[in-house]
Each structure stands twice: as structure tokens, then as C-alpha cells.
Amino acid sequence: MSIEIRNIRKNFGSFSALNDVSLDVPSGELVALLGPSGCGKTTLLRIIAGLETPDSGSIHFHGEDATARQVRDREVGFVFQHYALFRHMTVFENVAFGLRVRPKETRPSDAEIKRRVHELLELVQLDWLADRYPPQLSGGQRQRIALARALAVEPKVLLLDEPFGALDAKVRKELRRWLRRLHDELHITSIFVTHDQEEALEVADRVVVINKGRIEQVGSPQEVYDHPSSPFVYQFLGNVNQFQSHIHQGEAKIGDVGVKIDAHHETQNCAALAFVRPHDIEVFKERQGDKPVFEAVVSYIHAIGPLVRLELKRADQEELIEAELTQVRFRELGLVQGEHVFVYPRNVRVFLDKSA
Amino acid sequence: MAKQKNVLPGFNLSLGYTLLYLSLIVLIPLSAAFIKTTELSFNEFWAVVTAPRVLASYKLTFGASLLAALINAVFGLLTAWVLVRYRFPGKKIIDALVDLPFALPTAVAGIALTAVYAGNGWIGSWLEPHGIKVAFTPLGVIIALTFIGLPFVVRTVQPVLEDLEAETEEAAASLGANRWQTFTKIIFPAIWPALLTGFALAFARAIGEYGSVIFIAGNVPFVSEITPLIIITKLEQYEYASATAVAVVMLVISFLLLFAINGLQWWSNRHVSAVR
């Protein structure tokens, strides 16, 4: 089922949680709402679920206005960050709850409920826990039970609020791959909220980046990572080096170094912010012909893992540059701390500073 | 039993202190009642504790206490719900009012209730034309016992309601449960143990209540005479042994009832306590 969100506004007192948000979620997609905490992403999710009412704007499910529909009539499955399992019920009864509360005419028989619940517990690979109580389970198991419970009512939309937020790193990774596989099996329109860019980029079909109650960018993980539409998105998705610069006719001046860029050819002497990802920084021991390079000193080396992280101090000012090299390249160079090097920014992205 | 390492040591000391304390304050005075009773032969004892007037008083005391505790369970739950779930002006004052029956001398409560519910009182004069007599009847006893038991249910249920995750209710709603189902299947099971505790406390308190009841009850033998009053009457007539005999019967019944409630509580709590 597709979801259309139109001009949603929501204020909490004087705080504006959502400011004119519109978004289309096509049927069957897995969408991530990504943003820092307090950006309004959870509020948006709760408004879609009907747990919160917007001050203005509307929500349409499959073209039908659902803004005034009650939570229980929206046919959404909601998975809470802290699972919200019913602790006085067994795992089996938790999953069966949504079926048991149906009115008599549509309630499946006991045998049917039993079959469906066991099917779902098998789907989340926890059939052997059916008789346990939620407090006896680990965090990852609880999260999967919460998911099975939400799926039991055959929702048209699955909404997940920071589904892996409270889990440790390893379980988190496992579980998000598992969620991706599950989505590929079930093809149910799903929206999940996260503040973890890695999670969003790995799992989702599309990423919606939200900041301060507004949508900054919508796109595939590749699009938003490679072509961020604003400085915020650039900074939020992964590490980045930020430079103050001046743009003049297609050239960005960063300190004394002029870097040609493929945009802003008509701009005359305008202040701008230049961004370079650490893996787009090349490090050399000698000057490379006429390549625009910064002179810098290696101030710190972190060589654990597949990538070597370098902290480089620019010679022309006190600013630090972060660079990531492969182990192979690092050994080739044979860098040591305090060494003098030349730094070439391979891929510079510039945003004009409108405030200046 | 293996000795357990604990962050806070002192199991032996604290248990010893607890036993000594319980002995001095509870066990020794109570066993004195039993010992005094043995001055009577069994036939004498049986004759005293099964006298028709005494039997009628048991019925009133335990019956009225049970009804009062049930009324408190319902309305105490409602009060706790209102205090936890809603914000309204004067909430703090109402919250403080709940404790008043704890603080007020029970005799004051009794006199006040009698004044209000007597045939010429504010409420009594309004009820009497409809044929409802409150003061000097068992109904009056129930009202007095309800008054003094109110805080127990409110104060035991309130913190549990406050701890209840709003998310579990939202989860129930998103799974299609209506409000009634959410209350009966999600909220009520969570607060049930606390409600039972509050009920037991209110019930126990009502059984032992004396001061507030004797004014409003009128103490008509066979009609509105409670067991504690019978004990006092016997004491005033210097029949110490028969007074303690009635006391012992009350004690045993109360203990059995509370024990049963505790058992019920343990049973309904078994999942929660099985954890970790």
C-alpha cells in the first residue's frame, strides 16, 4: 500500500517538530527516515501510525485520506523502540494478541490462531521460545517477537521506530540484514526511523534525510551519499572534512590552494563551504606536478582495521584534515608521525554560503 | 542453602534484628492473648466464641470489611487512575486529601460521619425520605470502614499505574484492540497484583477498626455491633479471658484470610517474579 504525506505540521508547545513535510512512499518500498535525535522523524512515524495527530496536513493510504482514522483501523504494524511487549503474556500470547482481539465475526478459530502464530514465530526463528515470558528474552529476541506480533495482524504498512537502537553492535548488524531479507520476502511497505546513517544506507531502498522538522533530501542510498543536496546531508552521512573557501569562476580557493570544480562557473567571489570525504583525500610525499595540493604534517596515525586513519595538520593554518588510506597505500608510503606530506583533495563538493 | 555473596552484607544481623523486633512488637503481645485464653476450658471457650451475639458480630465485622474493601478497590482504582492519567487544577490538593483518613483520629472521623449521615445531617436528611437509613445501621459501618480504607488502594495502585509504559497501550491499539480490550487485557493484568495488595491492606485495616465505627454504628446487638466492640465490652466487665478468646478467633480468621490473599498474590505474580 502506498503512503502519501501532505504538508504535515506538528508543534509541541512552541517547538516545531514537523514543518510542512510532504513525502510519497510507493507500495512495497523499504524507506528509512534518517536524522539526528529531535529532528522530528519519530513524530512523523507516529503520525503515520495514528498515534499522534498532526496540527495540519493529511495522510493518504493508497489514495484514501486516512488522517482521521483511528490507530486500530489503520492496519499498520508498529514496532516500538523498546519493544513494548506485554510482559504478563507468553511470547505465544503476545503474537496472538492482535488476532484474539478481533471481533467474533473476523476472529480466526483457536486452531487457526495457533497455526498462524507458530508460522510467524518460525519466520522470526524463535518458535522454541513460544512459552517464555518477554523478560526472559534477550534484546534481539524481544525485538523479533515485537516484529512477529506486528506482522500477525497482516498490516498493510510496517512502521519501525529505531528498531535496533537499544541493541549492541553485533546483534544490530545481524538483525538489520535479517530485516532486509524479511522485507524482500514479504514486500510489505515499510518505514523505519533511525539516527544511524550506516543502518539507513545499508538496509533501505530509499533514504529520507530529515533535519529540524524538514526533509532535506530524498533518494536512494547511493544518491544521497554521492550527491548530498545540502551541507547538512553531507555532514550527516559519514565523515567529512569541511573547509572555508571562496568561489570565483569555477575555482574554489581554500587557503592558498585553488581547486577547479565543475560547477559555479558564473559565481563571482562568493564565500562557500567546501567538503571532502576522508577517503577522497590523497597523500603524497612529493609535489605532484601542477596538482593543487596542501602542505601538511602527519599529526596522528590510527592504523587498526582495513583502513588507516590519518590526522593531518595543514601548514597554512591550524586546521586538521582527516584522511583514510588503504593499508596497502599506507605501507607503500611508509608514513610516520611528524612527517611532511602533500595532500590532494580528489573530489571537492562546494556549497555557496548564503548567509555571507 | 548456599551462602550468597551480596553487595550489601549483613543478612544475619538484619534477620536477627527483624526477628527480635517482630517478637517484641507483634509476636509476644499476640501470644499473650493466646495464653490468657487458655485460662478457659475448651467448653467455656467454645461457649464464649459461639454465643449468638458474638457470631452476629463476626458476620458484621468480616462482611462489612469485605464490602468496604471491595468498594475501595473499585473507587480507589478510579481515584488513582484520575490522579495519574489526567492533569487538572487542584490535583495536588486531591492527592493530599487521599491521605487524610490516615492522619485523622478515627473518633473524629466517626463523629463527623455520624453528624453528616444521621437522620438530621446534611446527607442523611436527604437519604432518609427515600427509606435509606445510614447512621446506626450496618450501612453506616460499611461507610466508616470505606472511609478509613481508601488510602490503601490509591497508594498501592498509583505508583504501578505511573510506571505503566504508555507504549504497551499504543501497541495494543495498533494491533486492533479497542479501549475496553486494552484496559482488561493489558492495563488490568499489570495493576492487578497492586490492586490486590491494596485490597488486602484495606480489608485488614477494616477488620481491626474500632474508633470510627462505634459512633456511626449505634452498636445495636445482633444488628450493628462489631467484634472489636464486643471485646471492649467484655474487658470493661473484667471478663479478660473471654475477651481474649474472641480476640483469638478474630486473629486466626484474619490471619487465614490474609494468608489466602498473599497466596493469591504470589500466584498472580509468579511470572513477574520468575524473572532474573
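Nothing here was measured: the structure is a model prediction, and the numbers come from that model. FYI, side chains are in, hydrogens and waters are out, and symmetry mates aren't considered; it's all heavy atoms of this structure. Here is the naming used below: chain letters follow the sequence lines, and residue numbers restart at 1 for every chain.
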May I ask you to check whether over 12 heavy atoms, not counting those of B:Arg179, lie within 6.0 Å of atom CZ?
-> no
Atom of B:Leu175, atom of A:Val153 and distance for their closest heavy-atom approach | O-CG1, 3.6 Å
If you take all heavy atoms of B:Ala177 and A:Arg72, which pair is closest and at what distance?
-> O-CD, 3.5 Å
Against chain B, label A:Phe86 side chain, backbone, both or neither, depending on which of its atoms sit under 4.5 Å from a heavy atom there.
-> side chain
Would one find more than 12 heavy atoms of other residues, nucleotides or ligands at under 6.0 Å from atom CZ of B:Phe259?
-> no
With only heavy atoms counted, which part of B:Ala166 is less than 4.5 Å from chain A, the side chain, the backbone, both or neither?
-> neither
Crowding at NZ, B:Lys91 (>12 non-hydrogen neighbours, <6.0 Å) | yes
Using non-hydrogen atoms only, which part of A:Glu75 is less than 4.5 Å away from chain B: side chain, backbone, both, or neither?
-> neither
Within a radius of less than 6.0 Å around CG of B:Leu20, do more than 12 heavy atoms belonging to other residues, nucleotides or ligands occur?
-> yes
Kindly compute the distance separating NE2 (A:His82) from CD (B:Glu167), expressed to the nearest 0.5 Å.
-> 6.5 Å
Please assess A:Val71 against B:Glu170 for the test side chain to side chain contact (heavy atoms under 4.5 Å, CB included), listing each intermediate value before the final yes or no.
-> CA-CA 8 Å; A:Val71 194; B:Glu170 291 177 348; over 6 Å; no
Report, as yes or no, whether the 6.0 Å neighbourhood of atom CZ on B:Phe102 holds more than 12 heavy atoms from other residues, nucleotides or ligands.
-> yes
Which value, rounded to the nearest 0.5 Å, describes the distance between B:Ser174 atom OG and A:Arg149 atom CZ?
-> 7.0 Å
In short, A:His88 meets B:Ile186 closest at the heavy-atom pair CE1-O, 3.7 Å
Check whether more than 12 heavy atoms from other residues, nucleotides or ligands sit under 6.0 Å from atom NE2 of A:His62, and answer yes or no.
-> no
Which region of A:Leu85, side chain (C-beta onward) or backbone (N, CA, C, O), has a non-hydrogen atom less than 4.5 Å from a non-hydrogen atom of chain B, or is it both or neither?
-> backbone
Given a strict heavy-atom distance threshold of 4.5 Å, which part of A:Arg74 is in contact with chain B: side chain, backbone, both, or neither?
-> neither
What are the two closest heavy atoms between A:Ala84 and B:Ala171, and how far apart are they?
-> O-CB, 4.0 Å
Verify the neighbour count for atom OH of B:Tyr17: are there more than 12 heavy atoms of other residues, nucleotides or ligands below 6.0 Å?
-> no
Are there more than 12 heavy atoms of other residues, nucleotides or ligands under 6.0 Å from atom OH of B:Tyr21?
-> no
Which answer fits A:Ala150, side chain, backbone, both or neither, if we ask what part of it has an atom under 4.5 Å from a heavy atom of chain B?
-> backbone
